[in-house]
Asker: 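Structure below; questions to follow.
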Amino acid sequence: MSEDIILDIKDLQTSFYLDDFEVKAVDGVSFKLPKGKTIGIVGESGSGKSITALSILRLLDHPGKVKGGEINFKGRDLTTLTDKEIRQIRGNEISMIFQEPMTSLNPVYTIGQQIRETLKVHQGLDKENGTKKAIELLKLVGIPSPDKRVKQYPHELSGGMRQRVMIAMALACNPDLLIADEPTTALDVTIQAQILDLINDLQDRLGMSVIMITHDLGVVAETCDYVAVMYGGKVVEYQDVKSLFRNPKHPYTVGLLKSIPRHDTDVDELEPIRGSVPSPKDMPKGCRFAPRCPFATELCMEELPSLDHVEGESEVRCWIYTDHWDGDAEVKAHGPKRVAQSN
Amino acid sequence: MAQKELLKVTNLKQYFPIKGGFLGRTVNHVKAVDDVTFEIFEGETLSVVGESGCGKSTTGRAILRLDEPTAGEIEFDGGDLLALSKSDMRKKRKDLQVIFQDPYASLNPRQTVAQILTEAMAIQNVIPKKERRKRAIELLETVGLNAGQIDRYPHEFSGGQRQRVGIARALSVNPKLIICDEAVSALDVSVQAQVLNLLKNLQREFKLTFLFIAHDLGVVRHISDRIIVMYLGKIVEIADKKSLFDNPQHPYTKSLLSAIPTPDPEAKKERIILKGDVPSPIDPPTGCRFHTRCPFATDLCKTEVPDLRNLDHMKEGHRAACHHIEKIVTGDMQPT
């Protein structure tokens, strides 16, 4: 990738320190995000996708700590900054929106007051100019009669409108990077379509880069340029979006794609992944996915593969793609997708 | 189709009073379900889809009489459900079971799986006391758990496993109809697929009938035979699965289908983005309730409530509640 890389995360590790043990919520996350593009971080509950986002902005709650790795944002390693410096970046150069807009808005302040606060802290705007800018922002995110809405409280708005307000606040300082953590999960599908459309449109107009955290592969397919698939705190696969859906490489990604009931085609029988997601307290010691993987060998159970390049920019964390592979030669020759289909 | 009707719901209405004012009088009603009529045939899966507040869960609860319906008739297996006394209704629930969305909230945390399953059998007294534990073990194996887990508590299970316990409990009394209220919505995709396959297999094995309430149209396409689409307390379209997905008639159904993100970045699709939000069911729009967001709405839509209609170009049993089906299908009417 020779394009401008705005964010380059290398081997990020975040742990939560409980009384007598350490929960490795994020344990080896690496990816690059070119400027103006969208990367999707996909995974199921407990995969560490949200913790990755919170680590970037240093928003982790108490027992959680980034303990290793680099977060290079516009040439600076965010892990080395002081709290004061990170506060300058947060909300200014990097903004974040969350799943539940009701809990991220303060119920006792009006929409206008809350947007003004951001503008005051980061741009020093006074009340009059702040209100003017707030109305502009609400208009930008498609809220009808913005001059009336600035005076309203969060409970007076619907879920979709609240999420638009959150986006308006996030955009207040023209961030270079927007982190969206399941921004549409709590919304109905027709409202989700509106919000995804809005994010795409704003990205085109403002040229910002986006990290889209989601569990929904449909959302990924429609909004992202690159995808990092996470499992058990690690990135197991990184590809551009078309290659990922056309030619998924990691057995987990393959399994995930076969598990989705599609609304656009008929599938006779879903092929679920057996078992369930491992608990971060009790991670398998080899490949995190090995106990659920149909191709796992003893090597997979014992040793963790690294995230390596295969074919151009694609990266995958799986023994199948290495010279050490000691399992079925068919799988190596044709990839997990084809083999699983013939079974 | 000479199928036997298992459940027939006629003109079902469910209004919830809103109390307010000085004396706590009823000031208004939430019209959660407003005049809904449909039937379920034995052995089929009928799904009810729609967005939050459309009345799909309320319909399920009304059938079970978890909330007493305001008006309407519910006929189940030849008998009138609403005429039953409370204790007779409890007995009837042997045939009418339910699986809820949240497997964390619907299992008693202080009971072991054995207790949860045998309690259901004891209430309905379907199996002699001595054999209940044996039956509970069988049920666990039927839903893909193992006998060794029978004395564990719900917190020792994962979400997917808990949902399997919920399914085992519903099966424990040999019901005829199971209402699945968002039964797989809280589960991760990989686990959701396991539970969906399980439900399909159980249906085949035990000749079950499902009323499947869901908002995920992918899930619905996978599991259903017929589908009802609801909007603000009314049925807007009802059809067999194939007709609904391949030949949707109501503008709301079309936009709903087009709004779902497709897990294929190379799929070309035309998306119909609806304006605005779902209006409040307290004071729903007059006429067709969708007219405030509909790209085809005319003055007629604002005043007249459309009936569910079947037209020549639609398959038998496929009905939609729109005044303009004919003109939309011929292209005489274009979205504004």
Side-chain angles (χ1 to χ4, degrees), chain A residues 42-47 144 157-161 184 186-194 196-197 214-225 227 240-246 252 255-277 279 292, chain B residues 49-54 144 157-161 184 186-198 200-201 214-223 231 241-242 244-246 252 255-267 269 271-280 293:
Chain A
V42 232
E44 299 180 286
S45 11
S47 61
L157 305 179
S158 68
M161 282 298 157
T184 57
L187 305 175
D188 277 319
V189 49
T190 58
I191 308 298
Q192 163 170 289
Q194 294 173 355
L196 292 179
D197 230 42
T214 179
H215 67 280
D216 186 334
L217 284 157
V219 171
V220 169
E222 299 213 346
T223 58
C224 300
D225 302 298
V227 190
D240 70 86
V241 71
K242 282 187 184 162
S243 312
L244 186 98
F245 282 87
R246 206 185 286 157
Y252 174 63
L256 209 53
L257 286 167
K258 282 172 182 277
S259 301
I260 324 172
R262 301 277 297 250
H263 73 276
D264 54 339
T265 50
D266 282 315
V267 185
D268 285 339
E269 180 100 353
L270 299 172
E271 293 175 38
I273 304 171
R274 65 184 172 189
S276 51
V277 179
S279 148
R292 303 177 73 191
Chain B
V49 290
E51 300 180 284
S52 16
C54 73
F157 292 93
S158 68
Q161 290 174 324
V184 298
L187 306 175
D188 274 320
V189 191
S190 67
V191 176
Q192 171 179 291
Q194 297 169 359
V195 175
L196 284 174
N197 281 351
L198 172 68
K200 271 194 146 179
N201 292 337
H215 68 279
D216 183 329
L217 282 143
V219 169
V220 164
R221 178 165 195 158
H222 186 68
I223 197 137
Y231 185 78
K241 167 170 75 179
K242 196 168 169 12
L244 191 95
F245 281 95
D246 296 347
Y252 176 66
S255 55
L256 194 64
L257 289 175
S258 83
I260 317 166
T262 312
D264 177 0
E266 287 163 277
K269 55 188 281 186
R271 174 170 282 167
I272 309 162
I273 301 256
L274 289 178
K275 300 169 281 186
D277 293 309
V278 182
S280 155
R293 301 172 79 196

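As the structure is a computational prediction, the values presented were derived from the model and not from experiment. Note on naming: letters A, B, ... go to the chains in the order of the sequence lines (proteins, then strands), and numbering restarts at 1 for each one.
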Asker: With a 4.5 Å cut-off on heavy-atom pairs, point out which of P144(A), A193(A), G255(A) contacts chain B the most.
Answerer: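 Looking at each of P144(A), A193(A), G255(A) in turn, A193(A) comes out on top.
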Asker: Please classify the contact of D197(A) with chain B as side chain, backbone, both or neither, using a heavy-atom distance under 4.5 Å.
Answerer: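 D197(A) touches chain B through side-chain heavy atoms alone.
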Asker: Using a cut-off of under 4.5 Å on heavy-atom pairs, state which of L217(A), D216(A), T190(A) scores highest against chain B.
Answerer: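 With the most close heavy-atom pairs to chain B, the winner is T190(A).
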Asker: Scan side-chain atoms only and decide if E44(A) and S190(B) contain a donor-acceptor pair under the 3.5 Å cut-off.
Answerer: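 Judged by distance alone, the side chains do pair up.
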Asker: Listed by chain and number, what are the side-chain contact (heavy atoms from CB on, under 4.5 Å) partners of S158(B), not counting sequence neighbours?
Answerer: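 S158(B): side-chain contact (heavy atoms from CB on, under 4.5 Å) contacts with S276(A), Q161(B).
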Asker: Pick one of side chain, backbone, both or neither for E51(B), based on which atoms fall under 4.5 Å of a heavy atom in chain A.
Answerer: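 Contact with chain A involves both backbone and side-chain atoms of E51(B).
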Asker: Identify which of T265(A), L187(A), V277(A), L244(A) forms the greatest number of heavy-atom pairs closer than 4.5 Å to chain B.
Answerer: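 Of the options given, most contacts go to T265(A).
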Asker: Could you pull out all residues at least two apart from D264(A) that satisfy salt bridge (Lys or Arg N to Asp or Glu O under 4.0 Å)?
Answerer: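 Salt bridge (Lys or Arg N to Asp or Glu O under 4.0 Å) list for D264(A), sorted by chain: R262(A).
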Asker: Determine whether a donor-acceptor pair (N or O, by modelled atom type, separation under 3.5 Å) exists between the side chain of R293(B) and the backbone of L274(B).
Answerer: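 Not confirmed, R293(B) side chain does not pair with L274(B) backbone.
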Asker: Non-hydrogen atoms of chain A under 4.5 Å away: do they reach the side chain of I223(B), the backbone, both or neither?
Answerer: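 Neither part.
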Asker: Measure distances from S279(A) to the heavy atoms of chain B and classify the residue's part below 4.5 Å as side chain, backbone, both or neither.
Answerer: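 Neither part.
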Asker: What verdict does the side-chain contact (heavy atoms from CB on, under 4.5 Å) test give for D266(A) and K242(B), after you've listed the backbone C-alpha separation in whole Å, the side-chain angles of each residue and the deciding distance to 0.1 Å?
Answerer: CA-CA 9 Å; D266(A) 282 315; K242(B) 196 168 169 12; 5.7 Å; no
Asker: Quick one: what part of V220(A) sits under 4.5 Å from any heavy atom of chain B, side chain, backbone, both or neither?
Answerer: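 Contact with chain B is absent: no heavy atom of V220(A) under 4.5 Å.
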Asker: Is K241(B) close to V220(B) at the side-chain level, that is, under 4.5 Å between some pair of heavy atoms?
Answerer: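 Heavy-atom side-chain distance check fails, nothing below 4.5 Å.
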Asker: Using heavy-atom distances under 4.5 Å, tell me whether Q194(A) contacts chain B through its side chain, its backbone, both, or neither.
Answerer: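 Both backbone and side chain.
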